[in-house]
2 protein chains.
Amino acid sequence: MAEKRTDKVTITEVALLAGVSTATAGRVLGGYGYASEEIKKRVKASAERLGYRPNLLARGLITGKTRTIGVVAGDIQSPFYSSILRGIADVARAEGFGVLLTNSDELLARELEAVQLLLEKQVDGLIVAPCDTERSDHLRRALKGGCPIVQFDRMVKGLGADAVTVDNRKASREAISSLIDAGHRRIAILAELERWDSGDISSFIARVTARSIEPTTLFPSWQRLFGYVEAHLSAGIDLDRALIGRVGAYSLEAARLQALHLLRLPDRPTGLFTADGLMTAGAVDAITSLGVQIPDQLSMIGFDDLDWMSFLKPQITAVVQPVTAMGQTAARLMLERIAGSDSPPRHVTLELALTRRGSVSKPA
Amino acid sequence: MAEKRTDKVTITEVALLAGVSTATAGRVLGGYGYASEEIKKRVKASAERLGYRPNLLARGLITGKTRTIGVVAGDIQSPFYSSILRGIADVARAEGFGVLLTNSDELLARELEAVQLLLEKQVDGLIVAPCDTERSDHLRRALKGGCPIVQFDRMVKGLGADAVTVDNRKASREAISSLIDAGHRRIAILAELERWDSGDISSFIARVTARSIEPTTLFPSWQRLFGYVEAHLSAGIDLDRALIGRVGAYSLEAARLQALHLLRLPDRPTGLFTADGLMTAGAVDAITSLGVQIPDQLSMIGFDDLDWMSFLKPQITAVVQPVTAMGQTAARLMLERIAGSDSPPRHVTLELALTRRGSVSKPA
DNA sequence: TTGTACGCGTTATCAA
DNA sequence: TTGATAACGCGTACAA
């Protein structure tokens, strides 16, 4: 007879019913320490009868472990972050861990607030896509305070924490090179390039040319621009600043407008490289509305893979990021840290794959 | 570096430094009770100096409130769930609540496990898309146990809990009617129709016809089929079972194959209604590969709105679900419950909008 | 206005 | 193998 007395049944009541001490009941139910078979049976039966469920808060208070991972994503609504989160959640679930989620919207203030909340909730570790690769004292503090951190997608300069990234620079360089190899000389790039305080695009290019810049802690889109520049340099092709479409806001509309601008240049580019999925979407929108034919009038390669790129016209050759694998890897690194690993910070770089779908041909 | 300066600074140490009791320190830092300005200053200064952060576990253990909401989504990787989660997270963050996320993959066993974990972690409430509208005793138990529940997308039969849904049946009926009004008589539907144990499609149709079925606790795709049938009935058009494309698995490939099948029927349909975003994607894939022209050779309306439907050819007229609003609403209902509202269960039905994009015309 | 003392539900430390 | 008892960090009576 299922009664409605499902109130709070604690280990005390289980122990009482089983006729043992709370310590013994705890040992049986928590799976630590010894207990005779006889007593194990009694305690388990009592727990079952009362519908006992452990209070993980109390356990966490004493063990100092909550078996919860805090995640700071940029925007969980985006395919990129939601796939990463899926990877994290899968690994966490398999190990009996919970996942506490927050969005930063790539705003430092919000990330700070999020980290604060997660730490106060005593998460065992933080998986985070840092907003700012320099001003991240809150992450340093967390780390010093004993909270392991795994970064993904980008890395904070000098933060001694694990990280999972991809080689954006190399993939970009190879993508551009393949366009150059196909005969293209005027290749445009469309990228969201907001966060870099050390000067404008020209100075960035100058520093890439002078090899005086460390790409590891750049934001992905800057790394992709890095590869774009490198590919031109090594092919001996002059860079045309007009072909670098810098999108200020991370919005589809902004990307679309910038793409329109590029495609209406007097000396129109014959190739286009988009630095992420949103840029690709904006570009394709513009391309479709202008009636530009892919690949006859324009060759194209995009970073990130979205489902429609494979089944709609024009199909877009894309650099595919192993997104769920990134999440899984991040979670695994985190679990190892939580388990006590004190190895030096590890940096896992996952492989990128170019999926060719026929959006590249020789220039007209 | 690599020091063990992991001293958790507790309220005791703050009180010590400030020269007051822990109770006073708690009153100041927790913002409850009285304290003189003089002491407030001292305590706050001490807390600041030591870098004190409250341990929310301990607080939760006492107050019985964790300020955390548990969410059981189907698959966070899908645009639908990730948008809902975004809405939930936004409202939660604004109120200082955390969000614990789990995926059920629409599997009852996994949902059970997830609810279990969330309850043990003492979440203040559960926002869930129930896998099974009948066998949900775990939800009933949670509710009885005092844990508020807000359902979204679907509703468990007889569960006295708040819910946020949309009127799938009506929107579907109107969409089909608009196709009928345009002159179509052979309208196919493509839907994932797995979860309904009360018989096969024919018996479902029979029961709809006989008005002997309650649509509220049907799964959305069945509600959409419901509207499809109703629209035919009220227009006096005979149903052709061959036009009901039942997709077994929730996969793009399965949808594509079923769409190909429908489009290759000897007496090909002139209209197509897809019951969700994935079905639309599969259908468009098939349509593109067959070279079928939209809307000249086929008129089409789809449930759910994905970005590519608006900027790629063919553009698809779509029933747009207010996804983030659903999440926000669910979170608000939850917060009201947590705040103590004990009103009878509320069922919020959000409005659906038909966004016309020219994929509907008269039949050839 | 402030301090004392107890309790939240569990695990850890002993001694028995 | 078991059981008192003390933590864990904080909120909340109640007394001062």
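Any value given below was found using the heavy atoms of this structure, including those in side chains, with hydrogens, waters and symmetry copies removed. Everything numeric here is computed off the predicted structure, so don't read it as measured data.
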Notebook entry, point to check: Is there a donor-acceptor contact under 3.5 Å from the side chain of A:Asp105 to the main chain of A:Leu107?
Noted result: no
Notebook entry, point to check: Does the pair B:Arg154/B:Asp132 count as a salt bridge with the N-to-O cut at 4.0 Å?
Noted result: no
Note to self: Which is more 5' along DNA chain C, the nucleotide nearest B:Thr24 or the one nearest B:Ala58? Just name the residue.
What the structure shows: B:Thr24
Check: So, is B:Tyr34 close to the D:dT12 phosphate, meaning a side-chain N or O under 4.0 Å from OP1 or OP2?
Finding: no
Check: Side chain of B:Leu61: nearest nucleotide among D:dG11, D:dG9, D:dC10?
Finding: D:dG9
Check: Considering only C:dT10, C:dT13, D:dG11, which nucleotide approaches the side chain of A:Arg27 most closely?
Finding: C:dT13
Notebook entry, point to check: Would you say B:Lys121's side chain and A:Thr66's backbone share a donor-acceptor pair under 3.5 angstrom?
Noted result: yes
Note to self: I want to verify a distance call: between D:dC10, D:dA13, C:dT10, whose nearest atom is closest to the A:Ile11 side chain?
What the structure shows: C:dT10
Note to self: So, OP1 or OP2 of D:dT2: does either fall under 4.0 Å of a side-chain N or O from A:Ser36?
What the structure shows: yes
Next item on the list: Mark yes or no for a side-chain to base donor-acceptor pair under 3.5 Å between A:Arg53 and C:dG9, with no hydrogen or angle criteria applied.
Entry: no
Notebook entry, point to check: Rounded to the nearest Å, what distance is computed from the CD atom of residue A:Glu120 to the C1' atom of nucleotide D:dG9?
Noted result: 13 Å
Check: Think A:Ser21 has a side-chain N or O under 4.0 angstrom from the OP1 or OP2 of D:dG3?
Finding: yes
Checklist line | Distance below 4.0 Å between A:Tyr32 side-chain N/O and D:dT1 OP1 or OP2 | finding: no
Item checked: Rounded interatomic separation in angstrom, taking NZ from A:Lys121 and P from D:dC8 -> 22 Å
Next item on the list: Using whole Å, report how far CZ of B:Arg67 lies from C1' of D:dG11.
Entry: 15 Å
Check: Rounded to the nearest Å, what distance is computed from the CD1 atom of residue A:Ile62 to the P atom of nucleotide D:dG9?
Finding: 10 Å
Next item on the list: Compare side-chain N and O positions of A:Thr22 against OP1 and OP2 of C:dT10 and report whether any pair is under 4.0 Å apart.
Entry: no
Check: To the nearest Å, how far apart are B:Leu56 CG and C:dC8 C1'?
Finding: 15 Å
Item checked: Distance, rounded to the nearest Å, where A:Lys65 contributes NZ and C:dA12 contributes P -> 13 Å
Note to self: Rounded to whole Å, how long is the line connecting atom CG of B:Asn55 with atom P of D:dA7?
What the structure shows: 18 Å
Check: Where the side chain of A:Ser136 meets the backbone of A:Leu139, is there a donor-acceptor pair that is under 3.5 Å apart?
Finding: no
Check: B:Leu57 has an atom CG; how far is it from atom C1' of C:dG9, in whole Å?
Finding: 12 Å
Notebook entry, point to check: Looking for any heavy atom pair under 4.0 Å, which part of the strands does A:Ala35 touch: base, sugar-phosphate only, or nothing?
Noted result: sugar-phosphate
Check: A:Arg59 side chain to A:Gly64 main-chain N or O, any donor-acceptor pair under 3.5 Å?
Finding: no
